[in-house]
2 protein chains.
Amino acid sequence: MSGQQEKPPEQSADGQVPKAVVSRLSLYLRELQRLLRDGHETISSTQLGKMLGFTDAQVRKDLAYFGQFGYPGIGYRCPELVAKIKEILGTNHAWPLAIVGLGNLGRALLGYRGFTHQGFRVAAAFDVDAAKVGRQFEGIPVYHLDQVGEIIPQLQIRLAIIAVPAPAAQKVADAVVSAGVDGILNFAPVTITVPKHVQLEAVDLAIELEQLSFAVVNKLSRGE
Amino acid sequence: MSGQQEKPPEQSADGQVPKAVVSRLSLYLRELQRLLRDGHETISSTQLGKMLGFTDAQVRKDLAYFGQFGYPGIGYRCPELVAKIKEILGTNHAWPLAIVGLGNLGRALLGYRGFTHQGFRVAAAFDVDAAKVGRQFEGIPVYHLDQVGEIIPQLQIRLAIIAVPAPAAQKVADAVVSAGVDGILNFAPVTITVPKHVQLEAVDLAIELEQLSFAVVNKLSRGE
DNA sequence: TAGATTGTTAATCGATTAACAATC
DNA sequence: TAGATTGTTAATCGATTAACAATC
């Protein structure tokens, strides 16, 4: 694209990439993978944006944070862009995951096929229930929570999913952080705190419904 | 607070409330409910903000979209603010929900205690599997998907949770919309489209992990 | 070449923060 | 009264969109 390569095109963007951009990147990836399955070779920013409700300018700007992936007059090549986005997100190699808490939600996550398809692999599960420890669920071994310090480094697990009841969540977070994880996805409906070097993402299912409730009672009209 | 009431203080905010504000409102509610359980009477915007990593100004501004709930020199009264936020979110009365799709995730959601505690109640479940239809899970009756048109109006269900495989999600959405639901929470990892008068919220579990993966590989330092 | 589409700059829009008079 | 804290305005910051030269 630009004649000679001068400065390496923003190798891995360092902290100035808005979170919303990364979030849309995941959506682009999902659509692109579907397009790829459907046999599409290329796609324009206008088409991709329309599928997701974004402007063409936004699609191009988002991608431009990470380099020049498009071809003027053509668009983006689907296979190439899929590979690029996976590389940016860090999901080009499968991450081993730990799941802590094997209640209804934890077991559902443990068997969730979507993870496997997107570059994640549940490597270990933890609980405190003696009836579960030592067994396997969906082929995944269940360890006692006390074993996180041993198992997590051993399996080189860097990401943990917390699916325990709210009152236990902070203690579990402390334990997995001590064990060396770098990122936590928290499903417990409580605010937890972790050291700054640890990444934290939270999903609260009741909150998602509250957003919906608000939108419905206020009859918000979406789009324009 | 302000001497004589002049214009009714922004009754129910109409469309100009940013989505991010509503999202934080849910977080405030969750913290306030915890504070209430712990016996706190009042809380200042500074304290509440600190708990969630927001500025005091943001807390006050967010709440001010909906009225004047605070007391200068005192702060906010926890029980009062909890009631107000529930009213704003529309969760002061329990919404009956439908869950479509009783795979691992659907069944986990069906038994999720968090919903009950936040003003939601699963009233019906739907699936296409003859082995599930007619039974009950967690005390909730399971109907065939073909019965949505009949059951949803009958139980006055306005919100539906979609937890079916991606290829089925759009058809299910169409069906529940025809049945009259006003809002959909979609867990299928695919973009679905609905008429503008229907509210749509999406949770993609793999995308949440991708956000985490990006943050970890780019060693983002959170906060300042 | 003509048509399509990118990457990027500048303009616009919106959201967050700082500051402070009003209030308890 | 002095101290604390709100609600709100103005200033700042950041993100989205429009526009267009460059490119295939």
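All chains are named by letter (A, B, ...) in the order of the sequence lines, taking the proteins before the strands, and each is independently numbered beginning at 1.
- Both B/S45 and B/K61 sit near DNA chain D, but only B/S45 has its closest nucleotide nearer the 5' end.
- When the P atom of D/dA22 is taken as reference, atom CD1 of A/I74 falls 19 Å away, rounded to whole Å.
- B/W95 places a side-chain N or O within 3.5 Å of a backbone atom of B/G90 that can act as its donor or acceptor partner.
- With respect to the salt-bridge test (charged N to carboxylate O, under 4.0 angstrom), the residues A/E31 and A/R34 qualify.
- Distances were taken from every side-chain heavy atom of A/Q58 (C-beta onward) to each of C/dT17, C/dT6, D/dT16; the shortest belongs to D/dT16.
- OP1 or OP2 of C/dT16 has at least one side-chain nitrogen or oxygen of B/R24 nearer than 4.0 Å.
- Residue order along DNA chain D, read from the 5' end via each residue's closest nucleotide, puts A/K19 first among A/K19 and A/A57.
- Remark: P of D/dT8 and CG of B/D56 are 15 Å apart, rounded to the nearest angstrom.
- Taking only side-chain nitrogens and oxygens, B/Y76 comes nearer than 4.0 Å to OP1 or OP2 of D/dG7.
- Here B/T46 lies out of heavy-atom contact (under 4.0 Å) with every strand.
- Shown are A/V190, A/L185, A/I99, A/I192; of these, the side-chain contact (heavy atoms from CB on, under 4.5 Å) with A/I162 is made only by A/I192.
- Per the geometry, CD belonging to B/Q47 stands 11 Å off C1' belonging to D/dA4, to the nearest Å.
- In summary, A/R30 and B/E210 do not engage in a salt bridge, as defined by a charged side-chain N under 4.0 Å from a carboxylate O.
- Checking side-chain atoms of B/R107 against main-chain N and O of B/L102 turns up a donor-acceptor pair under 3.5 Å.
- Distance, B/K84 NZ to D/dG7 P: 12 Å, rounded to whole Å.
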Toss me the dot-bracket line for DNA chain C: Watson-Crick and G-U wobble, both under 3.5 Å, 5' to 3', using | for pairs to another strand and [ ] for crossers.
-> ..||||||||||||||||||||||
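- Looking at the side chain of A/Q68, the nearest of the listed nucleotides C/dT6, D/dG7, C/dG7 is C/dG7.
- Panel note: side chain B/Q118, backbone B/F115; no donor-acceptor pair is recorded below 3.5 Å.
- Nearest nucleotide to the A/T55 side chain, out of D/dT17, D/dT9, C/dT6: D/dT17.
- Checked against C/dT16, D/dA19, D/dT16, the side chain of A/R60 finds its nearest nucleotide in D/dA19.
- Taking the side chain of B/S44 as heavy atoms from C-beta on, and the options D/dG7, C/dT9, D/dT5, the nearest nucleotide is D/dT5.
- Of the candidates C/dT16, C/dT8, D/dA22, C/dT8 carries the atom nearest the A/A64 side chain, counting heavy atoms from C-beta on.
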